[in-house]
Amino acid sequence: MTALPASPTGRRLGLVIDLDICVGCHACAVNCKEWNFGGHSGPLTDWNSFSGTEDRGGEDAGAWGVWFNRVHTFEVGDGPDSRTVHFPRSCLHCEDAACVTVCPTGASYKREEDGIVLVNADTCIGCKLCSWACPYGAREYDHADGVMKKCTLCIDRIYNENLDEVDRVPACVSTCPASARHFGDLGDPDSAVSVLVSERGGYDLMPELGYRPTNKYLPPRPRRDCADNEEVPVSLADLADRDDPEIGSGLLRWVDAVLSR
Amino acid sequence: MSVNPFATVRETVNTSPSVSDEVKTTTCYMCACRCGIRVHLKDGDVRYIEGNPDHPVNKGVLCAKGSAGIMQHYSPARLTRPLMRTGPRGSGEFRPISWDQALKMATAWLSDVRKTDPRRLAFFTGRDQSQALTGFWASQFGTPNHAAHGGFCSVNMAAAGLYTIGGSFWEFGEPDWENTRCFVMFGVAEDHDSNPIKAGLGTLKTRGARFISINPVKTGYSAIADEWIGIRPGTDGVLIGALIHELLRADRIDLAYLVSYTNAPWLVIQDPGAPDHGLFARDDEGRPLAWDSDARATVPASGTGFRPALVGLQTLPDGREAAPVFHLMASRYLDECHGPDAAESVCGVPAARIRALASELAHHAFEHPVTLDVPWTDWAGRRHETMTGRPVSMHAMRGISAHSNGFQTCRALHLLQMLLGTIDTPGGFRYKPPFPKPAPPPLKPAGKTGEVEAGRPMPGPPLGFPVGPEDLLVNDDGSPRRIDRAYSWEAPMSAHGLMHLVIGNAARGDPYPIDTLFMYMANMSWNSSMNVPGTIEQLTAWDDEAGEYRIPRIIYSDAYFSEMVPYADLILPDTTYLERWDCISLLDRPICDANGVADSIRQPVVSPRRDVRPFQDVLIDLGARLGLPAFVDEEGGPRYPGGYADYLVNHERTPGVGPLAGFRGPDGTGEGKGAVNPDQLERYIENGCFWRHELAPEERYFKHANRAYLEKAVSLGLIGSPEPITLQIYVEALQRFRLAADGHGPVQPPDIHRDRVRTYFDPLPFWYTPFEEDALDTAEFPMHAITQRPMAMYHSWGSQNAWLRQIHGQNRLYMNRSRAGELGIADDDWVRVTSHHGSIKVQVRLMEGVNSDTVWTWNAIGKRKGAWNLSPRAPEASRGFLLNHVISDLLPERETGYRYANTDPVTGQAAWFDLRVRIERVGEDRPGETTEPQFHRLDPIWTVPRGDAVLRTVVQGGQER
Amino acid sequence: MHPALSVIIFTTASGAGYGLLALSGLFAAVDWLPRDGSAGGWAIGSALVLVTGGLLASTAHLGRPERAWRALSQWRTSWLSREGLLALASYVPALVFLAGWLLPEAVPWGPWGLLAAVAALLTVYATGKIYATLTPIPAWNNGLVVPGYLVLGGLGGMQILSLIMAATDHYHERFGWIVLLFATCAALVKHGYWRDIARTRSETGSATATGLGAGGERVRLLDAPHTTDNFVMREMGYRIARRHATRLRQICTSTLFAVPAMLALVSTLIDNWFGLVVTTALATASVAIGTLIERWLFFAEARHVVTAYYGSETV
Ligand SMILES: Nc1nc2c(c(=O)[nH]1)N[C@H]1C(S)=C(S)[C@@H](COP(=O)(O)OP(=O)(O)OC[C@H]3O[C@@H](n4cnc5c(=O)[nH]c(N)nc54)[C@H](O)[C@@H]3O)O[C@H]1N2
Ligand SMILES: Nc1nc2c(c(=O)[nH]1)N[C@H]1C(S)=C(S)[C@@H](COP(=O)(O)OP(=O)(O)OC[C@H]3O[C@@H](n4cnc5c(=O)[nH]c(N)nc54)[C@H](O)[C@@H]3O)O[C@H]1N2
Ligand code: SF4
Ligand code: SF4
Ligand code: SF4
Ligand code: SF4
Ligand code: SF4
Ligand SMILES: [Mo]
């Protein structure tokens, strides 16, 4: 049903991405590619893989392909106090997912049981309208298959009985070296991810568009300068000067500082 | 499926598809981090690679490169068969030959060399993870001309650490991620411990500890730091000096630590002009002395129970004066010239910020000591009820080491750590076994006169740690004995050799010509050389008189069609990392962590469908064919007919010690030492291809002085004796070289080098202007140019990877936005980058988070046209570039007319990051959107067909051609 | 947005086709469509040819055209589905209308013409709605988009109708006035639209897209995920230089409004067959070119909010 399901269970599986920790290593993106290449929506076709077959404006632009997860880098603010933020981006499994409602075939759908948004590759006609309807650039068209593809939230991992229980998390989450990615039920206010979101002020991307994304981003924590720690004196000068002026800050002060070895 | 056009078709999702029919563990080699992996196989092909959750290095995670392993394994750049050059070097004209022919040819060339002068073989290996084998092979062959890539990589870091604290950052140590309160990172973009560092930063930030990054560029790790200090390149020594100054001035130092664990109290002879001036005062048994303030007499410094003086000149029994190391060190750093104000003008970090940083380090270290309720016993047998440490930790890498003042800067950083009392204490920097080792490790390089003889092995390994002029590998006239000038007066403490000088020296026949250059896994005609155009010329330089190339023969083993391949005469194609045995040995660069001793193997998880052989097998085979004693049995037949697997199990370096430390002895329970276990590899495989011995809690800190640990280390064969390891604030070895420069002793530098040795071999750390900056008019070359490792690419070898090359398929020159504005440069402009050596044309990208005097780019993204079996039109070639083209291998001429190599004067470390440039918008004269220079294209040679440009299945090609 | 040729041809041709169909139905009802001769047949027939051609062109945009029929299923939610259904459904009255027109004795066409007109209008309305409901493309999510589609469809249809009438020698002066009316409306709607999209600033930009600009700081892209463009950027990242856009708008204004309006006025003064055919043919060509350019601009000028992730600070 293309219409959005009224989730009877309230389960909303999704990701929480910690921008305070993400170092921009692209591990999540490549591991996602690797898993999903052979996964539910695979293959994730690549073109011009070793160059030489595609010409764009008189130039070979290099390899490109279908990826479900991509890592951007932004700079926020100006000058030396600006901050660099790495920003992984994949499907947010929105509650009000227009990518679903615009779909003429019903190939794009949101699962009732867990809120995962998927594309049925057998019925998609490749009209690309859903990619226009997604503000987040999460939809990736596969020219070779003529159908739309996207992050599946690793549906073939998270319930996969052939995997050990601990491995039943999305590929991007299990591989993230910095543990900047979390997976869980955001519909359950007591789940670990929901707690994290409320503690850290997790937020929605482009809230103004009203898609109500399930995935949340944890903001970079405010930068702390050493001056921000009030316990720490701004310099050690006081200590240096409080010494006997005779001794000054010279070597003599250690004459009596003899410790036993 | 419904054919009713109005019906909504519901998808049935198979949520439990089978993942594979077989899973094998092995070790990743998409980089040198050596994570454990599980390889899923389906119908004999690799389907999916994931991290091994049980593995001590990565604990289940994988980085971007590791996750793209499949694409590397099936890369079309794979070489397929042995090749012999038929056209001129660089032309790419080759003829396929059989392995038998290849090995016969190599044997003939090499046995000729060995029978006449083994030094005429230069055997250098790059990203080698089997240096325990390759070094051993070289010394069996009898040539001192061996090293791996460490000399151009980070030998400053390694040598400074090993001479100072008997360990190092690099992958030899790690911060105490669990307990540190403040972590300071100097010049690290990625490092060898890729995944552990990321995991550590994640832990640290989640815990809410402070993270400060000192780096001219704010990307990657620096991006998540609480505080970023965008220092001017090459000046960290000044910043560190100012921190030391502040701590000393305020007396915020850990005197107890200094007294217990460092040579701070050792007495240094003060007798200018004397041949032992500046050396430690020693007793008759050669033991260094300290001053007992109670007894008012000298005592052996290694003793306990006395109260050593730290300052004040003392009188030695022979009447001469001596000063404690601490006294000398403190006098130097208390001088106002080391203060924050002076530092600010050099390093660009505001003095107030330096002061605050010093204050903060002191605060965390001294106001918040970490105490673990773990009793332990020190080397002297004294029991301590708890382990108390200073929770300030540091890590540093090439940002400080890849400069010509890197050795002394790294030393300064270790000094700072010692003053704060944070080395191997809870919350501080922690050694990973087999470190600490005595500082420096008691191993001398072989290759002196008399140690290199025709047809004979050398008496020892080619690499080691000289502690004085007598240990150098120089001729009587002071000229170098090694082709790379390692252990000569130009780089006396070059603990890792100087691979980057080999090609140039050999082509010039300076210090002498060689016959065969044998290389493994190093892209020397491209990204690992300075002065790439010059290197290409040197590789093809022709000797008219001799009617042959100046480097007559080049044998090279690569697995892929890299830029280096066309310059070899004989190519020995290697397998991919999933097709061979390998060993990450404790004798080499192991995978230990601070809490455990570990090593690991790689097992072949698939077999090659090309005519390729693992290089180690080939090397062992060659060893047997050449009759190298350790590689033949009593009858002269091959000692390891089963190749590397056979060697791993059966080779013993010393009785009971082999390449692998785990599962030794007939029953497989031996750890570290033990008899050969024929089932050893099976046991490794059963255990996930690694072995780990977890240290007991009482062994985990103060390893340099912890009796339980030291004894454990001896029992595992990590060190020779359980003596405590004293951290060396003052490195006497340096003073020995200096004394020689001052005219003392039998081995003295040639006059031309005296000044240089005298100046830079300061036994206490100090800062000096990097050489290139010093020699140039900085107004003419106002900017610093540096590179960084991209996390998703490994040097040159990721570009053949269909996935990774999408992430980094070309590179830009990053530049500070406001600085660019002043120069009239806009985003996306093309600019010319000019150094004293050459010029390149590249495209810029402007950014905020970069020091305004610095430009930078990602390392090794630029590719030569046609290499790696990419189309010559690939953006890596047309829009990518290397800074290496403008980095000179030699420094500008000195007053003496001599051109030193562009290296650190102590270790020979390549000074990649000393580069100074000028940036100008390109004018009408160089239109077009292609980077310059461009080299003539390389035509593919016997690689796997490039295959379908549209990749729909991971298994590409696989066909031989 | 990437201006895909198939979609431009589709909306242009089918828009004009439906316009023609609707006008034919309406004119038939008020008896402005000449009963004698084949002129009306030509009009309805041409409308069907244009519509069919347009629909066929649109399938070229599909990755799986053979599955196009599946697009009928989601009429409850999807405007694209509704458009497809309406397009198909409109064939029924249109064909009956045509048959009745050609064989008036056999088929009673009376209400079918009106029905066809309504279906045609609804179809164009649905087409407009497809775009107008896409919130991620602020330039499309605009109240003047649907009127624009309708009025341009009307203009195109009216112009073609004029040509057919002129060619079949049934031209009537009022056709000229109606063209003039449509052209004026089109000019008003389009210029209103352009002024609108120039004036309205989307709230969305790199600051909200990343959630990092809450403090009012600028959020600039330092590095895109890949050094090569991906599908999203190829599809949604199209950017047109302002210089080109201005030029094209000028061409659009003249070809779509000025030229047809002028020729329409001229046509009211001409009364020879050849002169009328030439003027209406010229005007038709002008409208066709104008509409193609307008459609191209409609895509090329529209910025998708996803570009906020790829370097645009504002959308
Ligand atoms: N400008 C600049 N230049 C630099 C640096 C810098 O920071 N800036 N860094 C320097 C440093 S630290 C280093 S370590 C060097 C690294 O430079 P290199 O050591 O040259 O490293 P790679 O480019 O990875 O090349 C290694 C070669 O090994 C081959 N290879 C890969 N896998 C296998 C295998 O399994 N078997 C065999 N036989 N061969 C294989 C690859 O095809 C490649 O040709 O670069 C140095 N160059
Ligand atoms: N992904 C990936 N991982 C790798 C490699 C790879 O190619 N790719 N290569 C491996 C190898 S061989 C090595 S040697 C290690 C090297 O690991 P790193 O030492 O992290 O190597 P670089 O990327 O050269 O990083 C140098 C850093 O120092 C900074 N820097 C430059 N000059 C200065 C300075 O004067 N002061 C300070 N404070 N900082 C400075 C640069 O901005 C950069 O961030 O990485 C290893 N790991
Ligand atoms: S793997 Fe983790 S740290 Fe790396 S880019 Fe992805 S989220 Fe960031
Ligand atoms: S992120 Fe895009 S594709 Fe994913 S659910 Fe939301 S709108 Fe749909
Ligand atoms: S491309 Fe496929 S999934 Fe997307 S809207 Fe069209 S039919 Fe639906
Ligand atoms: S959840 Fe799975 S499909 Fe989605 S981004 Fe992560 S790895 Fe990719
Ligand atoms: S860091 Fe990445 S590439 Fe290196 S060994 Fe680990 S997983 Fe492999
Ligand atoms: Mo390196």
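Heavy-atom basis, side chains included; hydrogens, waters and symmetry copies ignored. For clarity, every value in this text was computed on a predicted model and none was experimentally measured.
Counting heavy atoms of neighbouring residues, nucleotides and ligands inside a 6.0 Å radius, atom CH2 of C:Trp112 does not exceed 12 of them.
Taken from CG in C:Asp223 to CH2 in B:Trp858, the straight-line distance is 6.5 Å, to the nearest 0.5 Å. From C:Arg76, atom CZ reaches atom OG1 of B:Thr8 across 6.0 Å, with rounding to the nearest 0.5 Å. The CD atom of C:Glu217 sits 11.5 Å away from the CD atom of B:Glu848 when rounded to the nearest 0.5 Å.
The interface of residues 49-65 of chain C with chain B, defined by heavy-atom distances below 4.5 Å, is empty.
C:Ser73 and B:Ala7 make their closest contact through CB-O, 3.5 Å (heavy atoms, listed as atom of the first residue, atom of the second, distance). In this structure, C:His226 and B:Gln806 approach most closely via the heavy-atom pair CB-O, 3.0 Å. Nearest heavy atoms, B:Val3 versus C:Trp69: O-CZ3, 3.6 Å.
With a 4.5 angstrom heavy-atom cutoff, B:Arg812 does not touch chain C via any of its atoms.
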- Could you check C:Thr227 against B:Arg879 for side chain to side chain contact (heavy atoms under 4.5 Å, CB included), going step by step and ending with a plain yes or no? CA-CA 11 Å; C:Thr227 51; B:Arg879 299 181 140 250; over 6 Å; no
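Looking only at heavy-atom pairs under 4.5 Å with chain C, the residue among B:Ala792, B:Gly809, B:Pro875, B:Pro5 that has the most is B:Pro5.
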